[in-house]
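Reviewing the structure listed below.
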Amino acid sequence: MKLDKSKELFDEAVNYLPGGVNSPVRAYKPYPFFAKSAKGSKIYDVDGNEYIDYCLGYGPLLFGHANEHIIEKSIEQLKLGTDYGVPSEKEVQLAKEVIKRVPCAQMVRFTNSGTEATMSAIRLARGITKRDKIIKFEGAYHGAHDAVLVKSGSGAAGLPDSPGIPTDTTKNTMLVEFNDEEALKKLINENKDEIACIIVEPVMGNIGCVPPKEGYLDFLREITLENGILLIIDEVITGFRISKGGAQEYYNVIPDLATFGKIVGGGFPIGAIAGKKEYMEQFTPSGKIYQAGTFSGNPMSINGGLAAFEVLDDNSYKQLHKSGEYFRNGIADILDKLNINFHVNGVESMTQIYFTENEVYDYKTAQTSDTENFLKYFHLLLENGVFIAPSQYECGFISTSHSRDDLDKTLNAIEIALTKLYK
């Protein structure tokens with residue numbers, strides 16, 4: 001596999017972009033490939049190489065790349081304008097579509113990204129409860145804003161996870177391990193009447209793919225209701241992917257608020273907050289809790305979401321379910337054949353293989369993985385025409401464009417890679 005043009009572009013890019021990229025997750029050694037185009041389940045680089053894509057823009061591309069219906073509708077919208085700065089009818093239509101699908105949604109506020117959505121949802125929870133402290137889970141990612149870029153400190157109180165974030169900003173963010181009921185009970189008991197909200201990835205998609213233990217999300221709902229704490233389910237990854245109504249429908253747990261990312265825009269840049277009307281009306285201009293965005297509800301992203309919902313039906317979810325099951329079973333068969341005791345986690349069309357013999361159910365257990373060999377595995381897959389995210393702590397995604405042939409070719413590449421690494 002030749003990557004001469006990608007190397008040339010990367011050597012140029014580092015002179016103009018920090019690290020040569022516009023998001024650190026895209027960087028890997030010695031340099032990333034540079035995309036030229038993508039269609040369906042495939043992504044193509046500037047050197048002419050083809051890859052079966054399981055990154056899919058980190059999750060939102062349910063139909064794969066360049067879906068014909070979304071393209072057609074986007075061209076129509078381009079001719080009508082890309083930014084109005086005033087309300088449009090389609091904003092109302094998309095809000096109604098979200099409300100129709102999402103159990104907790106009685107009102108929607110569109111934002112420009114998932115980061116904006118979680119940031120604003122936390123502000124809303126603090127404003128409603130008149131409390132300052134929040135709880136997030138170790139290893140969870142809720143965007144690149146100061147309140148949630150937090151690592152473990154002394155006790156439960158968080159410390160800044162990046163230079164430039166004041167300690168005073170993170171002192172009200174408390175961390176606890178995912179799937180640990182007793183630890184959360186203890187934390188809440190020690191901070192009664194101070195906690196505004198718990199924000200949770202229902203399936204932790206930024207330490208790989210870690211589902212909740214049976215009953216854990218029900219426990220979160222019960223303990224938050226008992227203590228006057230708002231429950232925010234962050235569905236930036238799971239929303240509209242694992243079921244029609246997201247994780248809250250899939251696990252039958254209805255939060256107070258939910259947040260979404262570009263999946264609600266059919267892959268276009270967007271975010272959304274959805275929740276109970278009594279809470280959502282506290283946002284300006286109907287309430288006093290400030291939230292704004294000049295480009296929020298832009299017609300291109302709104303239109304992309306409407307187009308996606310027009311083709312996202314029950315058959316889509318049946319296909320994604322079958323593909324996810326087939327893929328994970330295939331990986332398990334390979335591991336059994338090679339006598340490798342690694343763990344495969346997944347929910348519907350989300351999957352990750354952990355390079356560890358330990359069961360993975362939280363951040364600490366995910367960290368027992370052999371990340372060095374995972375990166376070798378990533379490069380071996382790339383050499384065989386398969387692109388996954390270049391990190392043990394990211395998730396793999398399947399789209400409706402992934403054929404059985406795509407999955408079989410990928411399973412063959414996985415077997416080749418694991419054989420080279422461990423046999």
Side-chain angles (χ1 to χ4, degrees), residues 102-105 118 121-122 124-126 128-129 131 133-142 147-148 150 152 155-158 172-239 241-243 245-260 273-276 279 343 345-348 350 358-367 395:
V102 177
C104 82
T118 60
I122 290 170
L124 181 61
R126 283 172 161 161
I128 290 167
T129 61
R131 300 172 179 177
K133 292 185 178 181
I134 68 170
I135 295 175
K136 71 178 287 283
F137 294 89
E138 291 271 15
Y141 181 74
H142 302 292
V148 291
V150 178
S152 295
N172 287 313
T173 302
M174 300 181 293
L175 291 93
V176 68
E177 285 290 353
F178 189 59
N179 278 323
D180 189 335
E181 291 188 16
E182 292 307 313
L184 184 58
K185 286 179 185 176
K186 182 174 183 290
L187 184 58
I188 290 174
N189 286 335
E190 292 172 350
N191 295 272
K192 275 191 176 295
D193 303 322
E194 296 182 76
I195 303 165
C197 66
I198 293 176
I199 185 167
V200 61
E201 288 182 277
V203 178
M204 292 193 71
N206 283 280
I207 55 170
C209 184
V210 178
K213 290 182 177 179
E214 186 175 352
Y216 187 71
L217 295 180
D218 292 300
F219 160 74
L220 291 185
R221 179 67 286 188
E222 290 168 9
I223 200 167
T224 49
L225 287 172
E226 289 170 1
N227 290 276
I229 299 167
L230 296 195
L231 178 62
I232 303 171
I233 290 186
D234 182 354
E235 298 239 38
V236 166
I237 289 179
T238 54
R241 172 166 280 283
I242 66 173
S243 79
Q248 56 191 275
E249 179 189 63
Y250 189 82
Y251 292 107
N252 193 29
V253 175
I254 302 177
D256 299 295
L257 301 169
T259 55
F260 301 89
I273 308 154
K276 296 178 180 179
Y279 297 147
H343 282 267
N345 280 8
V347 177
E348 297 297 319
M350 299 169 59
N358 299 311
E359 180 186 358
V360 177
Y361 51 83
D362 61 13
Y363 186 47
K364 285 182 180 176
T365 50
Q367 285 182 305
C395 188

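Position 1 is the first residue of the sequence; numbering continues from there.
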Are side-chain N/O atoms of Thr259 and Asp234 paired as donor and acceptor at under 3.5 Å?
yes

Is any side-chain N of the basic residue among Asp362 and Lys213 closer than 4.0 Å to the acidic one's carboxylate O?
no

Counting N and O atoms only, with roles assigned by atom type, does the side chain of Lys185 sit under 3.5 Å from a partner on the main chain of Asn189, one being a donor and the other an acceptor?
no

Nearest-0.5 Å distance that lies between atom CG in Asn206 and atom OH in Tyr363:
11.0 Å

Taking Thr365's backbone N and O only, do any of them form a donor-acceptor pair with Asn358's side chain (distance below 3.5 Å, no angle check)?
no

Any idea which heavy atoms bring Ala183 and Val176 closest together, and the distance?
CB-CG2, 3.6 Å

State whether the side chain of Glu249 and the backbone N or O of Val102 hold a donor-acceptor pair below 3.5 Å, judged by distance alone.
no

If you take all heavy atoms of Pro255 and Val253, which pair is closest and at what distance?
CD-O, 3.4 Å

Is there a side-chain contact between Leu175 and Ile135 (heavy atoms, below 4.5 Å)?
no

Can you tell whether the side chains of Glu182 and Lys186 come within less than 4.0 Å, N to carboxylate O?
no

Would you say the side-chain atoms of Asn227 pair up with the backbone N or O of Ile229, donor to acceptor, closer than 3.5 Å?
no

For Val200 and His142, the nearest pair of non-hydrogen atoms, with its separation, is C-CE1, 3.9 Å

Within-4.5 Å side-chain heavy-atom neighbours: Val210 and Asn179:
yes

Taking the side chain from Thr238 and the backbone from Val203, do they hold a donor-acceptor pair closer than 3.5 Å?
no

To the nearest 0.5 Å, how far apart are CG in Leu230 and NZ in Lys276?
8.5 Å

Could you give the distance from CD1 (Ile233) to CG (Leu220), rounded to the nearest 0.5 Å?
8.0 Å

Within-4.5 Å side-chain heavy-atom neighbours: Ile134 and Asn172
no

Would you please indicate yes or no on a ring centroid separation below 6.0 angstrom for Tyr216 and Tyr251?
no

Could you please spell out the steps behind the side-chain hydrogen bond (donor to acceptor under 3.5 Å, both in side chains) verdict for Lys133 and Asn191?
CA-CA 9 Å; Lys133 292 185 178 181; Asn191 295 272; 2.8 Å; yes

CD of Glu194 to CE of Met174: how many Å apart, nearest 0.5 Å?
7.5 Å

Can you tell me how far apart CG (Leu124) and OH (Tyr279) are? Round to the nearest 0.5 Å.
9.5 Å

Side chains of Ile198 and Leu184: does their closest heavy-atom pair fall under 4.5 Å?
yes

Specify the closest pair of heavy atoms between Gly139 and Met204, including all atoms of both residues, with the distance to one decimal.
C-CE, 3.7 Å

Rounded to the nearest 0.5 Å, what separation is found between the SG atom of Cys197 and the CD1 atom of Ile122?
5.5 Å

Set out, in order, the CA-CA distance, both residues' side-chain angles and the distance that settles side chain to side chain contact (heavy atoms under 4.5 Å, CB included) for Tyr141 and Val148, then state yes or no.
CA-CA 7 Å; Tyr141 181 74; Val148 291; over 6 Å; no

Which atom pair, heavy atoms only, marks the closest approach of Phe178 to Pro211?
CE2-O, 3.7 Å

Using modelled atom types and a 3.5 Å cut-off, is there a donor and acceptor pairing between side-chain atoms of Glu235 and backbone atoms of Ala247?
yes

Any sub-3.5 Å donor-acceptor pair from Asn345's side-chain atoms to Cys209's backbone N or O?
yes

Is a side-chain N or O of Glu222 found less than 3.5 angstrom from the main chain of Leu217, in a donor-acceptor match?
no

Could you walk me through whether Glu201 and Phe137 pass the side chain to side chain contact (heavy atoms under 4.5 Å, CB included) check?
CA-CA 8 Å; Glu201 288 182 277; Phe137 294 89; over 6 Å; no

One pair to check against side chain to side chain contact (heavy atoms under 4.5 Å, CB included): Glu359 and His343. What are the steps and the verdict?
CA-CA 7 Å; Glu359 180 186 358; His343 282 267; 4.3 Å; yes

Report yes or no: do Arg221 and Thr224 form a side-chain donor-acceptor pair below 3.5 Å?
yes

Over all atoms of both residues, closest heavy-atom pair of Gly245 and Pro103
O-CD, 3.7 Å

For Tyr250, is the OH atom crowded, meaning more than 12 foreign heavy atoms sit under 6.0 Å from it?
yes

For Arg131 and Ile195, indicate whether the former's side chain and the latter's backbone hold a donor-acceptor pair under 3.5 Å.
yes

